[in-house]
Amino acid sequence: MKFKLVITALLAAGLAGCQANPVSGRSQLLLVSEEQAQASSAQAYAQAMSEAQKKGKLSTDAALNNRVKRITDRLIAQAGNMYAPSRDWKWSVAVIDEPELNAWCMPGGKMAIYTGIIHKLKLSDDEIGQIMGHEIAHALLGHGRERMSRAIAMQGGMALGSIVSGYDLSILAPVADVALTLPNSREGESEADRYGIELAARAGYDPHAAIKLWEKMSAASGNGPPVFLSTHPSPVNRIQALNALVPTMMPIYEKAR
Ligand SMILES: [Zn+2]
């Protein structure tokens with residue numbers, strides 16, 4: 001209910017509106033601009049990195065860091081063909097040394113992948129390409145902005161006051177943190193699957209690995225769901241839908257490899 005009230009207030013103030021996403025065409029209700037989302041994400045990312053550094057949680061495994069960087073560089077090179085403004089993003093990727101099964105990409109291309117997901121799921125390069133392709137797709141499709149908008153609505157009046165008084169970024173940085181812990185919508189997940197598998201194919205990563213990845217993920221959820229699945233709720237027919245995309249993706253992949 002709070003969400004609806006805040007939205008109504010913002011709409012009345014002319015500060016929020018529905019916009020068709022330039023990549024997916026889907027209409028999104030956004031309370032923050034792309035610039036605000038990126039600035040607050042950059043701030044939240046810098047803070048997360050400095051904390052991880054202090055706790056010794058940034059992986060010092062040079063081979064692993066190089067492997068992840070090589071894969072994300074290939075995806076980034078293709079991201080600009082899907083969403084041109086991403087060519088100007090200040091991309092960054094961190095390998096976080098934690099047992100969690102997790103990976104994410106904030107608005108503006110600030111990414112992380114956890115050693116837990118790489119080691120426990122024994123991810124191949126193709127599977128890392130798929131998971132980071134999926135995460136990057138969320139960012140290209142403006143899903144981070146949608147989650148931040150929900151986080152703002154959840155914080156209600158306080159954030160509303162700050163927005164009306166001129167977009168105080170010190171309020172938005174925690175919003176970027178909260179947004180990371182909120183689940184994406186199932187609709188958003190289907191979109192990220194669809195665009196993620198294509199981004200990965202264009203970067204030369206096998207579309208079949210997308211199916212293998214989600215099979216591994218669901219097998220791992222036996223001992224309590226991984227963090228990743230709490231923020232990435234599965235559309236019921238995820239594997240089926242990805243399977244149906246494989247024949248269309250194979251020629252793109254064959255051409256790219
Ligand atoms: Zn997702």
Side-chain angles (χ1 to χ4, degrees), residues 21 23-26 28 30 37 41 44-45 48 68 71-72 75-76 78-79 82-83 86 89 91 93-94 96 100-114 116-118 120-121 123 126-151 176-203 205 207 209-221 225-246 249:
N21 182 275
V23 181
S24 67
R26 177 168 63 85
Q28 295 173 304
L30 300 168
S41 295
Y45 188 75
V68 167
I71 296 168
T72 52
L75 294 164
I76 292 166
Q78 293 304 319
M82 201 169 261
Y83 181 55
S86 72
W89 289 4
W91 295 87
V93 64
I96 297 181
E100 278 175 22
L101 305 192
N102 204 4
W104 41 259
C105 178
M106 289 178 170
K110 307 290 191 215
M111 301 175 277
I113 185 164
Y114 292 60
I117 198 167
I118 298 173
K120 285 184 194 163
L121 300 191
L123 295 183
D126 285 305
E127 288 158 0
I128 293 177
Q130 291 294 340
I131 194 155
M132 296 317 287
H134 175 98
E135 290 310 311
I136 290 170
H138 275 305
L140 299 178
L141 292 158
H143 295 164
R145 282 173 74 195
E146 281 187 296
R147 289 158 93 187
M148 289 173 74
S149 301
R150 273 162 59 210
D177 278 342
V178 174
L180 268 191
T181 67
L182 290 176
N184 283 289
S185 66
R186 276 158 206 263
E187 194 180 23
E189 282 307 308
S190 296
E191 276 178 12
D193 281 350
R194 156 72 186 80
Y195 288 91
I197 194 173
E198 182 173 342
L199 186 67
R202 290 188 193 184
Y205 294 108
I211 290 123
K212 187 83 194 158
L213 171 72
W214 290 108
E215 282 172 356
K216 283 184 176 182
M217 197 82 78
S218 89
S221 67
V227 178
F228 191 81
L229 289 185
S230 67
T231 53
H232 293 71
S234 193
V236 274
N237 57 350
R238 160 169 273 151
I239 288 179
Q240 215 180 326
L242 283 167
N243 253 319
L245 285 169
V246 168
M249 295 301 148

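All values below come from the heavy atoms of this structure, side chains included, with hydrogens, waters and symmetry mates left out. FYI, the numbering just counts along the sequence from 1. Every number for a ligand or one of its atoms is a count from 1 in the order of the listing.
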- Item | N/O/S atom of H143 inside 2.8 Å of the Zn ion (ligand 1), strictly under | no
- Message: Does this structure show an ion pair linking E198 with R194, if we count only N-O contacts that are shorter than 4.0 Å?
- Response: yes
- Answer yes or no: are there more than 12 heavy-atom neighbours, outside K216 itself, under 6.0 Å from its atom NZ? yes
- Message: Restricting to N, O or S, what is the name of the atom of H134 that lies nearest the Zn ion (ligand 1)?
- Response: NE2
- Query: If you measure from the Lys or Arg side-chain nitrogens to the Asp or Glu carboxylate oxygens, is any gap between R238 and E189 under 4.0 Å?
  - Reply: yes
- Message: I need the OE1(E189)-the Zn ion (ligand 1)-NE2(H138) angle, rounded to 10 degrees.
- Response: 120°
- Query: Would a 4.5 Å heavy-atom cut-off, applied to side chains only, mark I117 and M217 as touching?
  - Reply: yes
